[in-house]
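What follows is a set of notes on a single structure, which appears directly below.
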2 protein chains.
Amino acid sequence: MTPTSTEETGTWAESARERISEAGLRRSTPRQRVVDLLDQQDCAITALEIDARLDRVGRATVYRAIEQLEELGLVRKVDLGGSAFGYEKVEPSGHHHHHIVCDECGKVEPFEDDALEEAIHEIHRKGFKLESHEVTLHGHCSDCD
Amino acid sequence: MTPTSTEETGTWAESARERISEAGLRRSTPRQRVVDLLDQQDCAITALEIDARLDRVGRATVYRAIEQLEELGLVRKVDLGGSAFGYEKVEPSGHHHHHIVCDECGKVEPFEDDALEEAIHEIHRKGFKLESHEVTLHGHCSDCD
DNA sequence: CTTATACTGAGATTGAATCTCATTATTATC
DNA sequence: GATAATAATGAGATTCAATCTCAGTATAAG
């Protein structure tokens with residue numbers, strides 16, 4: 001018996017699987033592999049990093065899978081200030097974080113801040129029709145102090 | 001007499017000229033043309049847009065000029081969520097805005113919000129060594145309602 | 001098992017940004 | 001104003017991200 005390693009990983013991969021079927025998409029092996037890899041990440045990963053880590057899965061498939069997951073609200077696209085975008089799973093809990101990029105070494109760290117979220121919600125109330133928001137802070141990490 | 005159209009435009013182009021000389025850089029025509037074009041914009045413009053609008057100025061020169069202006073603190077690089085970065089002048093007054101991107105048509109609008117700035121400054125006080133910050137909100141503009 | 005078709009992936013293509021290096025323009029000096 | 005040292009330029013090659021194409025493949029329904 002080969003145990004399904006994904007069921008141990010958490011709830012996101014499972015809910016992703018469900019949403020994929022509900023949306024009428026096939027549960028193809030390459031798509032599952034992209035889902036599983038995203039599930040294992042704690043923060044954003046680029047499309048080409050996913051591509052590089054998945055042998056026998058084509059670039060086009062990786063980009064397509066990400067795009068579909070994004071449309072299903074399962075994945076968020078984040079702008080890390082570099083040349084490539086990052087992608088990360090959207091937690092079913094609604095929890096989300098923003099990013100601090102170290103301008104020295106390029107390291108990306110997640111952070112959360114309630115006052116910031118509140119301020120952004122206020123902007124929403126002031127009349128802008130916001131779909132989503134994204135905050136990227138730039139500075140120096142502890143290593144590059 | 002050909003009147004210098006730049007002196008009528010405002011104070012940014014002038015201070016940029018000064019800082020450029022102070023930094024030991026030459027006042028070359030291509031650089032001046034990049035400065036003048038940036039001076040005319042109210043919001044961010046991409047490097048290739050600058051390149052396209054300036055005949056007889058090479059891509060490399062545009063990118064170099066922008067990079068130098070950025071180092072001198074005269075220009076800010078902004079991430080508009082698309083494929084290319086935008087660049088905009090840094091007002092001597094210290095005034096700065098963030099951006100709302102319409103996910104439908106791609107239009108970028110500037111916005112300012114004091115509570116948001118305050119929340120970000122709080123994060124600074126909490127221990128992160130921030131150099132700069134950048135907030136991009138996504139939604140639908142009035143046209144794409 | 002068979003069939004219709006959604007999905008895949010190798011490779012070509014587009015677009016942004018960077019790099020190279022021979023030529024040109026700027027500025028200080030005479 | 002002419003001259004020399006060298007900073008700056010720009011055409012084109014290169015790199016990297018992302019998208020597109022289309023013949024071949026795998027999926028799921030019957």
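Reminder, nothing fancy here: chain letters follow the sequence lines and each chain counts from 1.
Rounded to an integer number of Å, the gap from CD of B/Q68 to P of D/dA8 is 7 Å. For the pair B/I66 CD1 and D/dG10 C1', the computed distance is 15 Å after rounding to whole Å. Distance, B/Y63 OH to D/dA8 C1': 19 Å, rounded to whole Å. At whole-Å resolution of the value, CZ in B/F85 and P in D/dA17 are 12 Å apart. For the pair B/Q32 CD and D/dT9 C1', the computed distance is 14 Å after rounding to whole Å.
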Exercise. If you write DNA chain D from 5' to 3' in dot-bracket form, with Watson-Crick or G-U pairs under 3.5 Å, [ ] for crossing pairs and | for pairs with another strand, what do you get?
Worked result: ||||||||||||||||||||||||||||||
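The stretch residues 19-30 of chain B touches DNA chain C through B/R26, B/R27, B/T29, each having a heavy atom under 4.0 angstrom from the strand. The stretch residues 52-62 of chain B touches DNA chain C through B/A60, each having a heavy atom within less than 4.0 Å of the strand.
The nucleotide range of DNA chain C contacted by chain B, defined by atoms under 4.0 angstrom from heavy atoms of the protein and reported 5' to 3', is C/dA16 to C/dT27.
Looking at heavy atoms from C-beta onward, B/L137 lies in side-chain contact with B/I100 at the 4.5 angstrom threshold. Annotation: side chain of B/P110 is not in contact with side chain of B/H98 (no heavy-atom distance under 4.5 Å). At a threshold of 4.5 Å between non-hydrogen side-chain atoms, the residues B/D36 and B/R17 count as touching. In this structure the side chain of B/D51 never reaches within 4.5 angstrom of the side chain of B/Y63, judged on heavy atoms. Contact annotation: the side chain of A/R64 approaches that of A/T61 to within less than 4.5 Å [non-hydrogen atoms, C-beta and beyond]. Between B/E70 and B/L74 the shortest side-chain heavy-atom distance does not fall below 4.5 Å.
Judged by distance alone, the side chains of B/H97 and B/E88 do bring a donor and an acceptor atom under 3.5 Å apart.
A/Q68 pairs by the side chain to side chain donor-acceptor pair (under 3.5 Å) definition with A/R31, not counting sequence neighbours. When the salt bridge (Lys or Arg N to Asp or Glu O under 4.0 Å) test is applied to A/E131, no partner is found at least two apart in sequence or on another chain.
Backbone-only contact: A/R31 has heavy atoms under 4.0 Å from sugar-phosphate atoms and none from a base.
Note that OG1 of A/T11 is 8.0 Å distant from CG of A/D39, once rounded to the nearest 0.5 Å.
B/V90 and B/L69 fall into different hydrophobic clusters, where Ile, Leu, Val, Met, Phe, Trp and Tyr are joined by side-chain heavy atoms under 4.5 Å apart, directly or via other members.
Using bins of under 30°, 30° to 60° and over 60° for the plane-to-plane angle, the ring pair B/H96/B/H133 lands in the perpendicular bin.
For B/K77 and B/Y87, the positive end is not near the middle of the six-membered ring at less than 6.0 Å and at most 45° from its axis.
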